[in-house]
2 protein chains.
Amino acid sequence: MKDSGTEERILEAAKEVFMMYGLYGARMQDIADKANINKALLHYYFRNKEKLFDAVFDGALSKYFEQMTIFGETSLPIEQRIYTYIDGMFEFLSEYPQMSMFIIKEISINPELFHQKVASMKIYKGPTLIPALMESMNKKEIPEIDPLVFLLNLHSLCTYPFLASPIFKTIVAKSKLEWKDENHLKIKHSVKEFVAFRLQKTLN
Amino acid sequence: MKDSGTEERILEAAKEVFMMYGLYGARMQDIADKANINKALLHYYFRNKEKLFDAVFDGALSKYFEQMTIFGETSLPIEQRIYTYIDGMFEFLSEYPQMSMFIIKEISINPELFHQKVASMKIYKGPTLIPALMESMNKKEIPEIDPLVFLLNLHSLCTYPFLASPIFKTIVAKSKLEWKDENHLKIKHSVKEFVAFRLQKTLN
DNA sequence: TTGCGGTTTAACCATATGGTTAAACTATTT
DNA sequence: AAATAGTTTAACCATATGGTTAAACCGCAA
């Protein structure tokens with residue numbers, strides 16, 4: 001029977017390489033090397049590059065959408081739910097810092113394929129951010145905001161720091177300011193602050 | 001003499017292909033095709049792939065840094081200067097929507113090379129955002145904020161919408177909301193709003 | 001017209017790359 | 001021990017890819 005998690009090792013290696021170099025840039029040999037096997041075995045488990053890529057990409061995509069769609073805890077006030085949403089995004093992005101970049105890049109290269117995949121994905125049915133925002137706006141709990149634009153702003157504030165961390169570290173190094181990786185906490189707090197100010201609410 | 005802007009056509013084509021696929025993913029043949037020449041001529045103008053890539057990347061990098069560093073108009077109030085900065089970023093990013101992604105990706109693949117390039121770049125000496133923020137904070141014109149984190153937040157709000165536009169269009173299409181490309185104006189306004197609320201200032 | 005320098009091309013070359021094949025190995029069953 | 005089925009490997013193969021070469025082309029000065 002299938003030995004010692006070879007398939008998992010392959011998927012792990014493939015994830016790393018594809019996320020770094022994309023579908024075109026990735027080399028099957030690199031993946032095989034990272035997984036400590038040879039190319040033939042790679043093709044034994046995943047018939048070809050596209051199949052392997054699909055496995056990686058599908059996994060990433062569903063994980064990403066799952067994270068980005070859920071907006072739970074209907075009972076709490078809207079700002080609390082948003083703070084929790086922010087916590088969730090930072091946790092997710094800390095674990096998979098390259099994933100948003102990966103998905104964005106591959107989609108921009110091949111939008112058609114992506115539309116198919118999303119269309120065939122099971123649609124999340126639970127509570128989502130935009131309807132919740134609209135409801136709160138109707139109840140005059142928060143100022144008038146285009147909910148879609150707000151969602152985009154929110155994602156910007158959460159996602160970009162992870163995307164840009166390599167560039168930002170350098171910009172910072174050039175000036176004489178310091179930058180530490182633990183600053184995620186600080187950034188997360190600043191995002192909540194931004195949201196609090198914007199929604200005229202308090203933190204906590 | 002060098003004919004009919006061949007070199008420019010090559011650089012333009014190379015920019016497109018490298019920005020889309022990165023150094024590894026890009027194919028010299030694709031670049032040659034896009035420039036309507038053959039590979040040999042490509043190598044005649046730029047000895048090899050790395051040289052061509054460098055030309056493209058250096059151009060992108062200096063343009064990017066130039067845009068992101070300048071923070072002019074010392075006489076105006078700080079929030080006005082930031083609004084102008086936002087205008088500048090949106091203008092720049094509209095013209096080169098793929099550039100931030102390109103730079104970020106290549107840097108994350110090869111950080112060492114990047115450090116070299118930045119180190120050898122001429123350092124911009126004019127007024128910059130962070131000192132201006134600190135000065136305004138000292139004068140109690142704006143609330144206490146970590147200026148570096150604020151800069152990051154600001155860049156997040158401006159840059160991410162361009163990065164994520166392919167993914168965001170799809171997310172939006174999945175729900176039954178609309179999304180138009182002209183929304184840049186709307187988004188830009190929302191960024192200024194965010195900043196205004198955060199700094200306790202008015203718009204205009 | 002010829003010669004000259006820069007430009008462009010067709011034809012190559014060596015290697016990298018995705019993919020295949022057949023044999024070898026290994027654990028389990030009979 | 002032999003048969004069986006899944007797993008792994010070395011050796012290949014065809015094509016793609018970065019890069020080179022030598023010849024052809026082209027405008028222009030002598």
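We use all heavy atoms of the structure for the numbers below, so side chains are in, but hydrogens, waters and symmetry mates are not.
- Using the six-membered ring where Trp is involved, B:Y21 and A:Y24 have ring planes that are parallel, under 30° apart on the 30 and 60° scheme.
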Using a cutoff of under 3.5 Å, can you pull out all pairs of nitrogen or oxygen atoms linking the protein to nucleotides 13-23 of chain D, with atom names and distances?
{"from": "D:dT17", "atom 1": "OP1", "to": "B:R27", "atom 2": "NH1", "distance (Å)": "2.8"}
{"from": "D:dG18", "atom 1": "OP1", "to": "B:A26", "atom 2": "O", "distance (Å)": "3.3"}
{"from": "D:dG18", "atom 1": "OP1", "to": "B:K49", "atom 2": "NZ", "distance (Å)": "3.3"}
{"from": "D:dG18", "atom 1": "OP2", "to": "B:M28", "atom 2": "N", "distance (Å)": "2.9"}
{"from": "D:dG18", "atom 1": "N7", "to": "B:K39", "atom 2": "NZ", "distance (Å)": "2.8"}
{"from": "D:dG18", "atom 1": "O6", "to": "B:K39", "atom 2": "NZ", "distance (Å)": "3.4"}
{"from": "D:dG19", "atom 1": "OP2", "to": "B:H43", "atom 2": "NE2", "distance (Å)": "3.4"}
{"from": "D:dG19", "atom 1": "OP2", "to": "B:K49", "atom 2": "N", "distance (Å)": "2.8"}
{"from": "D:dG19", "atom 1": "O6", "to": "B:K39", "atom 2": "NZ", "distance (Å)": "3.0"}

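- At whole-Å resolution of the value, CD1 in B:I37 and C1' in C:dT7 are 11 Å apart.
- The CG-C1' distance, from A:L42 to D:dT7, rounds to 14 Å in whole Å.
- Between the side chains of A:Q29 and A:D33, at least one donor-acceptor pair of N or O atoms lies under 3.5 Å.
- When rounded to the nearest whole Å, the span between OH of A:Y44 and C1' of D:dT7 equals 5 Å.
- The side chain of A:T6 places no N or O atom within less than 4.0 Å of a non-bridging phosphate oxygen (OP1 or OP2) of D:dT7.
- Here the P atom of nucleotide D:dA11 and the CG atom of A:L41 are 17 Å apart, to the nearest Å.
- A 4.5 Å side-chain heavy-atom check between A:Y45 and A:L11 finds every atom pair outside the cut-off.
- Smallest separation of non-hydrogen atoms from B:K186 and A:D146: NZ-OD2, 2.8 Å.
- The shortest non-hydrogen separation linking B:T159 to B:M89 is OG1-CE, 3.7 Å.
- The salt bridge (Lys or Arg N to Asp or Glu O under 4.0 Å) search around B:E8 returns none, not counting sequence neighbours.
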